[in-house]
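What you are looking at is a predicted structure, and each value in this text was computed from that prediction instead of being measured.
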Amino acid sequence: MALLHRAELRPSKLELLAGWLPARPWFTGGADGPVTRVAAYRFDDPAGEVGMETLLVRAGDGPVLQVPLTYRGAPLPGAERFLVGVVEHSVLGRRWVYDACGDPVYPPALAAAVLADAGQAEEHFEVDGEREVRAPSMTVSGSRTDRALPAGPADEVVDGDPTVIRVDGVELALVRRPAPADTPAAGRLTGAWPGRDAPVLLAYAR
């Protein structure tokens, strides 16, 4: 379960991505155009400390891009190359935003979704002391395999499309430009959102 806050971010997530995306090797789109949100899904951090949100965005009139992010209340030591930026959250204070591929909480969560169909986190707002469910903006579906799930941080991250995350002997491929594709038998995560009825490939094991 992901507990969300009705809060203001400065800069906003999309403003942050507008400055970060054009330097990525997999970026396609208008570098000077606005970054717009298409859909999003979240995973749970079992410890409840780190926010994990995957945004599907467009830059200008470019294709849909997949950007998993983590939100932390303090800098993550040794993860400087994955830092997207710092935002001020009107409820939680300063938050450090990372490309999730380089955050130790993300590979196990992605692996569980790809290999064990763990699904996405249910999102809640707290309103007047009561929790209110927010309807998801997209649906995701994974595989059910008998492969052991990795529990540790990534051993190696190779940026590109796909971005390859090697962890505990498992190789996960995160598709940066999701599109309809054959789904590998080793395990996959697909997703769809309003206006995109045919599922697209989001990630797979290889």
Side-chain angles (χ1 to χ4, degrees), residues 1-5 7 9 13-14 16-17 37-57 64-74 76 79 82-84 87 89 92 95-126 131 133-145 147-155 157 159 162-168 170-176 178 183 186-193 199-206:
M1 180 184 69
L3 182 59
L4 311 179
H5 299 273
L9 293 179
K13 299 170 190 176
L14 297 181
L16 201 63
L17 290 179
R37 182 182 184 275
V38 175
Y41 62 97
R42 287 179 177 264
F43 294 145
D44 275 325
D45 170 22
E49 296 293 328
V50 180
M52 281 187 280
E53 180 181 28
T54 298
L55 295 177
L56 300 182
V57 301
V64 173
L65 303 174
Q66 182 174 205
V67 187
L69 301 172
T70 55
Y71 310 113
R72 289 180 166 268
L76 178 62
F82 299 105
L83 181 67
V84 177
V87 300
H89 189 288
L92 300 176
R95 307 294 285 175
W96 280 259
V97 182
Y98 291 91
D99 176 352
C101 296
D103 193 309
V105 302
Y106 180 72
L110 179 62
V114 170
L115 300 173
D117 194 20
Q120 60 187 310
E122 188 175 72
E123 299 178 10
H124 291 255
F125 284 115
E126 195 162 286
R131 289 184 177 175
V133 177
R134 183 170 80 169
S137 61
M138 66 179 292
T139 58
V140 300
S141 178
S143 299
R144 291 189 178 274
T145 74
R147 297 184 65 175
L149 297 180
D155 300 308
V157 177
D159 205 5
T163 293
V164 177
I165 305 169
R166 297 186 176 99
V167 52
D168 286 353
V170 175
E171 189 168 276
L172 301 169
L174 180 83
V175 181
R176 291 296 192 168
T183 55
R188 82 289 181 267
L189 182 70
T190 60
W193 56 89
V200 296
L201 185 61
L202 299 173
Y204 58 95
R206 64 183 192 184

Quick one: pull up OG1 in Thr145 and CZ in Arg188 and give me the separation to the nearest 0.5 Å. 10.5 Å
For the atom pair CG (Asp117) and CZ (Arg144), what is the distance rounded to the nearest 0.5 Å? 5.0 Å
Write down the atom of Pro107, the atom of Ile165, and the distance for their closest heavy-atom approach. CG-CG2, 4.0 Å
Measuring from atom CD of Gln120 to atom CD of Glu53, what distance do you get when rounded to the nearest 0.5 angstrom? 11.0 Å
Would you call Lys13 and Val67 a side-chain contact if the rule is heavy atoms closer than 4.5 Å? no
Looking only at heavy atoms, what is the nearest atom pair of Ala203 and Val175, with distance? N-CG2, 4.2 Å
Any heavy-atom pair between the side chains of Val164 and Arg206 that's under 4.5 Å? yes
Step by step, would you call Val170 with Leu115 a side chain to side chain contact (heavy atoms under 4.5 Å, CB included)? CA-CA 10 Å; Val170 175; Leu115 300 173; 4.3 Å; yes
Shortest non-hydrogen contact from Pro178 to Leu56? CG-CD2, 4.4 Å
Quick check: closest heavy atoms across Cys101 and Val157, and the distance to 0.1 Å? O-CG2, 3.3 Å
Between the OH atom in Tyr71 and the CZ atom in Arg95, the distance rounded to the nearest 0.5 Å is 10.0 Å
Is any side-chain heavy atom of Val64 less than 4.5 Å from a side-chain heavy atom of Trp193? yes
In terms of heavy-atom contacts, Tyr98 and Leu76 come closest through OH-N, 2.7 Å
The residue among Thr70, Asp45, Leu69 that forms side chain to side chain contact (heavy atoms under 4.5 Å, CB included) with Asp103 is Thr70
Does any part of the side chain of Pro162, heavy atoms only, come nearer than 4.5 Å to the side chain of Tyr204, both counted from C-beta? yes
Ala205 versus Ala186, closest heavy-atom pair with distance: O-CB, 3.4 Å
Any donor-acceptor N/O pair, Ser141 side chain to Thr190 backbone, under 3.5 Å: no
dist Leu202:CG -> Leu110:CG (nearest 0.5 Å) comes out at 9.5 Å
Check: Ala40 main-chain N/O paired with Ser137 side-chain donor or acceptor under 3.5 Å: yes
Looking at side-chain heavy atoms only, is the closest gap between Gln66 and Val200 below 4.5 Å? no
Would you call Asp99-Arg176 a salt bridge at under 4.0 Å N-O? yes
To the nearest 0.5 Å, what is the distance between CG on Leu174 and OH on Tyr106? 4.5 Å
